[in-house]
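Following: one structure in structure tokens, then a few remarks.
Quick caveat, the model's predicted, so the values are computed rather than measured. For the numbers below, each heavy atom of this structure counts, side chains included, while hydrogens, waters and symmetry mates do not.
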Amino acid sequence: MSNGTVSLLAMGGTVAAALDDGGAAPRHGAGDLAGTVSGLPVAVRPRDVRTVPSRAVTLDDMWTLAAAVREEIEGGAAGVVVTHGTDTLEETVYALAMLVDTDVPVVVTGAMRAPHLPGADGPANIRAAISAALHPPLAGYGPVVVFQDEIHVARLVTKHHSTRIAAFASPSAGPVGFVAENEVELLLGPPPVTDRLPITAAPDRRVEIVPAMAGADGRLVDAIAAEVDALVVAGTGAGHLPPPLADALVRVVRGDRPVVLASRCEDGPILRRTYRGRGSETQLLADGLLASRTLSPLKARLRLVFGLSAGMTAQQLF
């Protein structure tokens, strides 16, 4: 771990919570969070970006955060740590992976237990995140999540448990490394592809996610189709839809609006040529839907929003 200055950008969330009328709400700023860490060979430069629960984080907030991260990097930070609520943390780290070109580590972390609760995990997570941000080789992985001493890449990480402190996982590959004794140990190499967009712009496109489920008839699609720039469908299995829902989405594609086919499963790819018939992946792709492959519906939506806003086509994005 190298010496240097780490910027700590606070977005709110449970890690920054205090008791408010009997419940937890974000109240502590970046300076307070920086004060929970001591004994590391680093100066921590705090900066407040937002102080909100992550359920309230918007796409504009993600764009603002990305700009703040770039400013800290340009200002000479050896690494950047972002503290964030866990509800939408996996979306924000993926937005950063698309929007920030970095040659220093960028690490997102948070907490599952508020500071006033027994076993609060925020200080340990922040400490591990700062240690990770001081490990230069981690920059090659793009923005990452550090939680419970594990390091996860943005494309694969998901919040897979709603309450446990070990809430984050990367089902496809597991963590790429870990932090122990304030040192980083990398287990796997950087991802083979980068998610960073070649051009970026503030989000100004509307993309919604449509869930697939037994008996879905497509009426939801018909109701919102005129109001969106694109859709993501969270298909069953390896990319399958009830035939009436498939027909509705094909109508959207024929109306010159892209539809990306993802899976509601936590792990695994979208197939391309295994099954046939209405609602199969073979038919859907032949009718113009685009495969997300292994990208989750949440992250496929973000990729469409930011990519389309920057003037890219859906075909360039997937």
Subject >> Side-chain heavy-atom pair V210, L245 within 4.5 angstrom cut-off >> reply: yes
Subject >> P242 side chain reached by D217 side chain, heavy atoms, under 4.5 Å >> reply: no
Original post:
If Ile, Leu, Val, Met, Phe, Trp and Tyr residues are connected whenever their side-chain heavy atoms lie under 4.5 Å apart, and connections chain through other members, are V184 and V93 in the same group?
Top reply: no
**OP:** For residues A202 and S309, report the shortest heavy-atom separation together with the two atoms involved.
**Re:** O-CB, 3.5 Å
**OP:** Indicate, with yes or no, if V6 and V80 share a hydrophobic cluster defined by side-chain heavy-atom contacts under 4.5 Å among Ile, Leu, Val, Met, Phe, Trp and Tyr.
**Re:** no
Original post:
So do the side chains of I165 and F147 get within less than 4.5 Å of each other, counting heavy atoms only?
Top reply: no
**OP:** To the nearest 0.5 Å, tell me how far R47 CZ sits from L9 CG.
**Re:** 6.0 Å
Original post:
Taking all atoms of both residues into account, what is the closest heavy-atom pair of L241 and A212, and its distance?
Top reply: CD2-CB, 3.7 Å
**OP:** State the OG1-CE distance between T200 and M312, to the nearest 0.5 angstrom.
**Re:** 11.0 Å
Original post:
How many angstroms lie between atom CD of E281 and atom CG of L285, to the nearest 0.5 angstrom?
Top reply: 7.0 Å
**OP:** For H84 and T109, run side chain to side chain contact (heavy atoms under 4.5 Å, CB included): C-alpha distance rounded to whole Å, both residues' side-chain angles, the deciding distance at 0.1 Å, then the answer.
**Re:** CA-CA 6 Å; H84 196 285; T109 193; over 6 Å; no
Subject >> Side-chain ion pair, E72 and R45, N-O less than 4.0 Å >> reply: yes
Subject >> Interatomic distance, E208 atom CD to E227 atom CD [nearest 0.5 angstrom] >> reply: 10.0 Å
Subject >> Lys/Arg cation over aromatic W63: R50, 6.0 Å, 45° cone >> reply: no
**OP:** Applying side chain to side chain contact (heavy atoms under 4.5 Å, CB included), run through E266 and T158 and close with a yes or a no.
**Re:** CA-CA 8 Å; E266 195 174 56; T158 186; 3.7 Å; yes
Original post:
How far apart are the closest heavy atoms of A154 and A97, and which atoms are they?
Top reply: CB-CB, 3.8 Å
**OP:** Would you mind reporting whether E91 and R301 have side-chain heavy atoms less than 4.5 Å apart?
**Re:** yes
Original post:
Do F306 and L65 belong to the same hydrophobic cluster, where Ile, Leu, Val, Met, Phe, Trp and Tyr are linked whenever their side-chain heavy atoms lie under 4.5 Å apart, directly or via other members?
Top reply: yes
Subject >> H161 side chain to R164 backbone, donor-acceptor under 3.5 Å >> reply: yes
Original post:
Is a donor on one side and an acceptor on the other found under 3.5 Å between the side chain of S170 and the backbone of A173?
Top reply: no
**OP:** Walk me through it: do R254 and D287 pass the test side chain to side chain contact (heavy atoms under 4.5 Å, CB included)?
**Re:** CA-CA 9 Å; R254 290 174 179 167; D287 282 334; 3.9 Å; yes
Original post:
Going through the distances and angles, do N182 and L40 end up as a side chain to side chain contact (heavy atoms under 4.5 Å, CB included)?
Top reply: CA-CA 8 Å; N182 305 322; L40 294 177; 3.6 Å; yes
Subject >> Over all atoms of both residues, closest heavy-atom pair of A169 and H160 >> reply: CB-CD2, 3.6 Å
**OP:** Consider only side-chain heavy atoms of I, L, V, M, F, W and Y, link residues closer than 4.5 Å, and tell whether L99 and V69 are in one cluster.
**Re:** yes
**OP:** State whether the side chain of N125 and the backbone N or O of A111 hold a donor-acceptor pair below 3.5 Å, judged by distance alone.
**Re:** no
Subject >> Side chain to side chain, L290 and L317, heavy atoms closer than 4.5 Å >> reply: no
Subject >> Salt-bridge contact R55-D87 (side-chain N to carboxylate O under 4.0 Å) >> reply: no
Original post:
Just checking, is any N or O donor in the side chain of R273 or T282 under 3.5 Å from an acceptor N or O on the other one?
Top reply: no
Original post:
Does a salt bridge link D32 with R27, judged by any charged N lying under 4.0 Å from a carboxylate O?
Top reply: no
**OP:** Run the numbers on D101 and R196 for salt bridge (Lys or Arg N to Asp or Glu O under 4.0 Å), then give the verdict.
**Re:** CA-CA 7 Å; D101 183 10; R196 186 167 53 82; 3.6 Å; yes
**OP:** Verify whether the ring centers belonging to H240 and Y275 lie closer than 6.0 Å.
**Re:** yes
**OP:** Might you confirm whether atom CZ of R205 has over 12 heavy atoms from other residues, nucleotides or ligands at distances under 6.0 Å?
**Re:** yes
Original post:
Do T36 side-chain atoms and L33 backbone N/O form a donor-acceptor pair below 3.5 Å?
Top reply: yes
Subject >> Side-chain (Q316) to main-chain (T313) donor-acceptor, under 3.5 angstrom >> reply: yes
Subject >> Among L231, V232, V228, L59, the one residue meeting side chain to side chain contact (heavy atoms under 4.5 Å, CB included) with V207 >> reply: V232
Subject >> Approximate separation, where rounding is to 0.5 Å, of L302 CG and E90 CD >> reply: 9.5 Å
**OP:** Find out whether L295 and R303 are in side-chain contact, i.e. whether some heavy atom of one side chain is under 4.5 Å from a heavy atom of the other.
**Re:** yes
Original post:
What's the shortest heavy-atom distance between T88 and S54, and which atoms?
Top reply: OG1-O, 2.9 Å
Original post:
Between the side chains of T64 and D61, is a donor N or O closer than 3.5 angstrom to an acceptor N or O?
Top reply: no
Subject >> Nearest-0.5 Å distance, OH of residue Y141 to OG1 of residue T194 >> reply: 14.0 Å
**OP:** Write down the atom of A291, the atom of V260, and the distance for their closest heavy-atom approach.
**Re:** C-CG1, 4.5 Å
Original post:
Can you tell me if S292 uses its side chain to pair, donor with acceptor, with the backbone of T294 under 3.5 Å?
Top reply: no
**OP:** Under the side-chain hydrogen bond (donor to acceptor under 3.5 Å, both in side chains) rule, collect the residues that match up with Q148, sequence neighbours excluded.
**Re:** none
Original post:
Heavy-atom distance under 4.5 Å between the side chains of L289 and V250, does that happen here?
Top reply: yes
**OP:** May I ask you to decide whether R155 forms a salt bridge with D195, counting only side-chain N to carboxylate O separations under 4.0 Å?
**Re:** yes
Original post:
For the hydrophobic clusters of this structure (ILVMFWY residues joined by side-chain heavy atoms under 4.5 Å, transitively), does one cluster hold both V49 and M98?
Top reply: yes
Subject >> Contact check, side chains of V108 and V144, non-hydrogen atoms, under 4.5 Å >> reply: no
Original post:
Considering the options L89, T86, V107, I151, which one meets the side chain to side chain contact (heavy atoms under 4.5 Å, CB included) requirement together with V145?
Top reply: L89
Original post:
Is a side-chain N or O of D121 found less than 3.5 angstrom from the main chain of M112, in a donor-acceptor match?
Top reply: yes
Original post:
So, does R278 use its side chain to make a donor-acceptor pair with the main chain of A246 at under 3.5 Å?
Top reply: no
